Undergrad: 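One structure follows; several queries about it will come next.
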Amino acid sequence: MPKGQELHLASLFVSLICAGVVFSGPVEKSEVSKNSKVPFTCDAYCITGTSRGKEVRLTLTPIKEEGEPQASPGGKACQPVHIVFRFGMSDFFRFTAGSEMPKHAHLRFYANETPRRALSFVDVRRFRSWEPNGDWQTDSGPCIMFEYQSFRANVLSNLSDRAFDETISEAMLNQNFFNGIGNYLRAEILYRLKIAPFMKARTVLGGLFPKKRELPEVKPEQGQCQPHQAVRGTIPRNQMITFQAWLQCYYVPGMKSLRDHNGRTIWFQQGVKEEPPAKGIKKEKGGVQKRVKSHDESKKMREQEKGLKEQ
DNA sequence: CGTCCACGTCTAC
DNA sequence: TAGACCTGGACGG
């Protein structure tokens, strides 16, 4: 499951789970989190989720009742609020009973029910940040999923950028150009397309100029921030294949792995077209091939599946 | 127990 | 180019 799609699933999850649920009161932050508080409170609001690249955005929308001006207990009018989350290694949303709040739930939205249930943002390593009143990060590139043509154009019209001096493998982690690509996705993409991971990015991508692949244009203003079909109850459950089964290269026994310049592990298949690793790329990892599981990954997918099944 | 590793980015030398 | 930021699971002794 590609990174972008995974985040898309996270946003689908929120929209599906929260459809029809009325939330109420303040947004609660864990004591231990260093992120900003979310200064939002409202007697009745709903939550929807959308995604763009590596970000997920929740929208808290006050529910208006006929003839009643919507006001918070403090007297200030409720306005819709966007919270943008930068997603990473160990984070996901869950919707549980308030008494069964997951460990490491750092941001909590309570439903107006008794007993209360809560949507929570779970971030085990606390690496993630969120921005109240935030919008999509301005310096990250177009979404690889929902802004495909913009994404493509942004890459191909900037091939002189120094970012493309890197190997294709390393360049693909640059979020200015590949917003949504993560470590396992670069491995899976390069493997499936049989692209040598240590070729210079410009060499690989320069070859794409002549033929333009025609895909339906997804306009940024339409594609990136629509509430998803899940709101209408059509979550693609059959697509919730386990992450592990989906992987063909990343962490797969028999594949090679090296450490890149940023200390990230590159997974790849040693192929006939493979040139020697570019200079500067370091030590081969030993012993790791024995490990079959990508436990973090499968755990996260299990969490997401579990969350859906519980509903 | 300890060590290594993890879907990532930021900051400082 | 290192750390820093964090928790926790797998694995080795």
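From a predicted model like this one, the values you see are computed outputs, not experimental measurements. By convention in this document, chain letters (A, B, ...) are assigned in the order of the sequence lines, proteins followed by strands, and residues within each chain are numbered from 1.
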Undergrad: On a whole-Å scale, what distance lies between the P atoms belonging to B:dC5 and C:dA2?
TA: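 Per the computed distance, 15 Å lies between those P atoms.
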Undergrad: Can you check the distance between B:dA12 and C:dC6, where both ends of the measurement are the P atom (answer in whole Å)?
TA: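 Going atom to atom, P in each nucleotide, I get 15 Å.
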Undergrad: Quantified in whole Å, what is the P atom distance between nucleotide C:dG8 and nucleotide B:dC10?
TA: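 Those two atoms are separated by 24 Å.
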Undergrad: With a 4.0 Å cut-off on N to O distance, would you call A:R202 and A:D161 a salt bridge?
TA: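 A salt bridge is absent here (no side-chain N lies under 4.0 Å from a carboxylate O).
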Undergrad: Quick one, A:Y191 with A:F268, criterion ring pair (Phe, Tyr, Trp, His ring centres under 6.0 Å). Give me CA distance, side-chain angles, the key distance, then yes/no.
TA: CA-CA 6 Å; A:Y191 170 79; A:F268 63 103; over 10 Å; no
Undergrad: Which nucleotide, B:dA6, B:dT9, C:dT1, lies nearest any side-chain atom of A:Y251?
TA: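 When the side chain of A:Y251 is considered, B:dA6 is the closest of B:dA6, B:dT9, C:dT1.
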Undergrad: Whole-Å distance between B:dC5 P and A:Y250 OH?
TA: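 That distance rounds to 12 Å.
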Undergrad: A:Q175 has an atom CD; how far is it from atom C1' of B:dT9, in whole Å?
TA: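 It works out to 10 Å between those atoms.
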Undergrad: A:F127 on top of C:dC6's base, within under 5.5 Å and under 30°?
TA: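 Stack criterion not met.
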Undergrad: Checking ring pair (Phe, Tyr, Trp, His ring centres under 6.0 Å) against A:F93, which of A:F13, A:F109, A:F87 comes through?
TA: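 When ring pair (Phe, Tyr, Trp, His ring centres under 6.0 Å) is applied between A:F93 and each of A:F13, A:F109, A:F87, only A:F87 qualifies.
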Undergrad: Atom CG of A:N179 to atom P of B:dT9: distance rounded to whole Å?
TA: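 After rounding, the gap between these two atoms is 9 Å.
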Undergrad: Between C:dG9 atom P and A:K103 atom NZ, what is the distance in whole Å?
TA: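 One finds 8 Å between P of C:dG9 and NZ of A:K103, rounded.
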Undergrad: Would you state whether a donor and an acceptor, one from the side chain of A:R125 and one from the base of C:dC6, lie under 3.5 Å apart?
TA: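 Present.
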Undergrad: Between C:dT7, B:dC5, C:dC6, which nucleotide gets closest to the side-chain atoms of A:K34?
TA: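 Among the listed nucleotides, the one closest to the side chain of A:K34 is C:dC6.
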Undergrad: Can you tell me the distance, in whole Å, between the CH2 atom of A:W267 and the P atom of B:dC5?
TA: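 Rounded to the whole Å, the gap is 11 Å.
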Undergrad: Among C:dT1, B:dC5, C:dC6, which is the nearest nucleotide to the side chain of A:R259?
TA: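 When the side chain of A:R259 is considered, B:dC5 is the closest of C:dT1, B:dC5, C:dC6.
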Undergrad: Check the distance between B:dA6's P and A:L173's CG and give it to me in whole angstrom.
TA: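 Roughly 13 Å, once rounded to whole Å.
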Undergrad: Would you mind checking if A:D260 and A:R186 are paired as a salt bridge, meaning a charged N to carboxylate O distance below 4.0 Å?
TA: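 A:D260 and A:R186: salt-bridged.
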Undergrad: Should A:S129 be listed as having a side-chain N or O under 4.0 Å from OP1 or OP2 of B:dT9?
TA: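 Checking A:S129 against B:dT9: no side-chain N or O falls below 4.0 Å of OP1 or OP2.
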Undergrad: Within this structure, what is the CD-to-C1' distance between A:E170 and B:dT9, rounded to whole angstrom?
TA: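 In whole Å, B:dT9 C1' lies 16 Å from A:E170 CD.
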Undergrad: Tell me whether the side-chain N/O atoms of A:H104 come closer than 4.0 Å to OP1 or OP2 in C:dG8.
TA: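 Yes, within the criterion.
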Undergrad: Answer yes or no on whether A:R192 is positioned over the face of A:W246, meaning its NZ or CZ is under 6.0 Å from the six-membered ring centre and within 45° of the axis.
TA: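 Yes.
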Undergrad: Using whole Å, report how far CG of A:D123 lies from P of B:dA6.
TA: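 Checked: the CG to P distance equals 18 Å.
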